[in-house]
Trainee: 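My questions will all concern the structure given below.
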Amino acid sequence: MRLERIFGIAAIGFGIAAGGFVAMPQTASAAACGVGCTFTATLFTGSEPLSSAVGWQDIDVAHAPGFITSGPVTNQGLTATGVGGVSTGAPGSPSGEYVGSLANVAGSPFAGNTDDAYFAAQPGGQVNVTSTSPFSSSNPFALIWGSVDPQTGRNVFSSGVFSISGADVLAACAGATASVSSCLVSISTTTPFSSFSISDAAGSTSAFEASFRGNVPEPASLALFGTALAGLGLLRRRRRKSA
């Protein structure tokens with residue numbers, strides 16, 4: 001293998017991997033969500049899901065705006081099932097998978113988006129989610145928390161070990177406007193969990209919408225670093241032979 005090619009492989013590996021790390025969103029100050037549990041929340045204004053390459057759900061559907069199914073829906077190692085609840089707007093729709101926006105039914109956390117699905121817990125209902133791998137401090141969980149509602153009982157995320165409310169997220173998400181803004185929330189906990197639910201209080205006029213990051217696949221950046229290191233290893237062996 002020519003030295004120029006080895007250098008090229010190493011440069012590409014390090015360059016793309018470094019680019020992947022630089023592209024990661026900046027974190028905000030951590031807020032407490034229980035013993036050994038912290039979360040961060042930053043304003044989210046995107047019109048598309050975040051990258052599926054790092055575990056984010058990116059479910060493209062061709063469907064009229066509104067309810068799709070109560071599930072179960074499996075994507076990125078997560079299985080989500082809507083249970084109970086009904087929207088205040090017509091048609092009365094249960095908790096589950098949705099797309100687009102429909103007044104008083106559900107609003108996409110992706111501004112103006114009409115073809116990427118998300119999940120909504122309708123008033124009095126919830127969406128239950130199980131994961132193939134546990135989330136923890138070494139594998140934080142993250143979600144796009146749509147149109148954060150801070151009223152009591154509104155927008156509740158619960159793992160059975162800890163819970164976070166819309167009021168908690170609004171307080172931590174700088175620049176967010178209640179019932180309008182969406183926030184990117186990342187949760188780190190020393191007590192691993194592999195199931196959780198999102199729910200909204202009965203009598204609410206809108207749903208709790210969210211999109212999740214599931215089980216992160218073997219990071220492409222690590223594979224690229226491996227390629228880079230392999231290239232450098234070949235280069236060193238080649239130099240020793242030439243000496």
Side-chain angles (χ1 to χ4, degrees), residues 16-27 30 33-34 36-42 44 46 48-61 68-83 95-99 108-110 113 115-121 126-146 155-164 169 182-199 208-227:
I16 297 178
F21 289 123
V22 171
M24 292 178 68
Q26 298 297 312
T27 57
C33 47
C37 177
T38 59
F39 74 94
T40 60
T42 53
F44 177 79
E48 293 289 332
L50 297 174
S51 176
S52 59
V54 291
W56 284 95
Q57 294 182 325
D58 186 356
I59 310 173
D60 293 312
V61 295
I68 300 174
T69 179
S70 289
V73 177
T74 299
N75 183 269
Q76 295 288 39
L78 301 180
T79 298
T81 305
V83 179
S95 302
E97 184 184 34
Y98 282 75
V99 68
S108 175
F110 313 114
N113 187 297
D115 62 3
D116 287 300
Y118 57 94
F119 295 94
Q126 60 190 44
V127 175
N128 297 326
V129 184
T130 59
S131 172
T132 56
S133 298
F135 297 102
S136 63
S137 55
S138 61
N139 180 33
F141 176 72
L143 73 158
I144 303 299
W145 194 299
N155 291 193
V156 177
F157 177 100
S158 177
S159 72
V161 177
F162 65 90
S163 64
I164 301 172
V169 171
S182 295
C183 297
L184 170 58
V185 177
S186 180
I187 304 168
S188 176
T189 175
T190 55
T191 303
F193 67 97
S194 55
S195 64
F196 62 88
S197 66
I198 61 171
S199 62
F208 177 5
E209 303 93 351
S211 178
F212 310 120
R213 186 179 70 185
N215 297 293
V216 181
E218 182 65 24
S221 55
L222 293 182
L224 289 167
F225 270 127
T227 301

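Predicted model only: the values in this text are computed from it and were never measured. For reference, positions follow the sequence shown, starting with 1.
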Trainee: Can you name the residues that form a side-chain contact (heavy atoms from CB on, under 4.5 Å) with Thr79, not counting sequence neighbours?
Mentor: Pro72, Thr74, Thr130

Trainee: Give the minimum heavy-atom separation between Gly71 and Thr69, together with the two atoms involved.
Mentor: N-OG1, 3.0 Å

Trainee: Restricting to pairs with a member in residues 133-146, which pass side-chain hydrogen bond (donor to acceptor under 3.5 Å, both in side chains), not counting sequence neighbours?
Mentor: Ser136-Ser138, Trp145-Asn155

Trainee: Look only at the side chain of Ser51 and the backbone of Trp56, and say whether a donor-acceptor pair between them is shorter than 3.5 Å.
Mentor: no

Trainee: Roughly how far, to the nearest 0.5 Å, is the CG atom of Asp60 from the CG atom of Asp115?
Mentor: 5.5 Å

Trainee: How far apart are the closest heavy atoms of Val169 and Cys183, and which atoms are they?
Mentor: CG1-CB, 4.0 Å

Trainee: For the atom pair CG (Leu78) and OG (Ser195), what is the distance rounded to the nearest 0.5 Å?
Mentor: 11.0 Å

Trainee: I want to check something: taking the side chain as every heavy atom from C-beta on, are Cys37 and Thr191 in contact at a cut-off of under 4.5 Å?
Mentor: no

Trainee: Partners of Tyr98 by side-chain hydrogen bond (donor to acceptor under 3.5 Å, both in side chains), sequence neighbours excluded?
Mentor: Gln122

Trainee: Donor-acceptor pair, distance only, cut-off 3.5 Å: does the side chain of Glu209 make one with the backbone of Tyr118?
Mentor: no

Trainee: Which heavy atom of Ser199 sits nearest to which heavy atom of Gln126, and what is that distance?
Mentor: CB-CB, 3.7 Å

Trainee: Please round to the nearest 0.5 Å and tell me the distance separating atom CD1 of Ile198 and atom OG of Ser158.
Mentor: 12.0 Å

Trainee: Shortest non-hydrogen contact from Gly146 to Pro109?
Mentor: CA-CB, 4.0 Å

Trainee: Looking at every heavy atom in both Gln57 and Pro49, which two are closest together, and how far apart are they?
Mentor: O-CB, 3.5 Å

Trainee: Could you tell me which residues satisfy side-chain hydrogen bond (donor to acceptor under 3.5 Å, both in side chains) with Thr38, sequence neighbours excluded, listed by chain and number?
Mentor: none

Trainee: Considering residues at least two apart in sequence or located in another chain, which fulfil the side-chain contact (heavy atoms from CB on, under 4.5 Å) criterion with Ala80?
Mentor: Phe119, Val127, Val129

Trainee: Going by the rule side-chain hydrogen bond (donor to acceptor under 3.5 Å, both in side chains), which residues pair with Ser131 if we only count those two or more places apart in sequence or in a different chain?
Mentor: Asn215

Trainee: Among Phe157, Phe39, Phe162, whose ring-ring contact (aromatic ring centres under 6.0 Å, His included) with Phe141 holds?
Mentor: Phe157

Trainee: Enter the distance from Ile187:CD1 to Thr40:OG1 here, rounded to the nearest 0.5 Å.
Mentor: 9.0 Å

Trainee: Would you call Ile144 and Leu50 a side-chain contact if the rule is heavy atoms closer than 4.5 Å?
Mentor: yes

Trainee: Under 6.0 Å between ring centres: does that hold for Phe212 and Phe196?
Mentor: yes

Trainee: Can you name the nearest heavy-atom pair linking Arg213 to Val54, along with the distance?
Mentor: CD-O, 3.3 Å

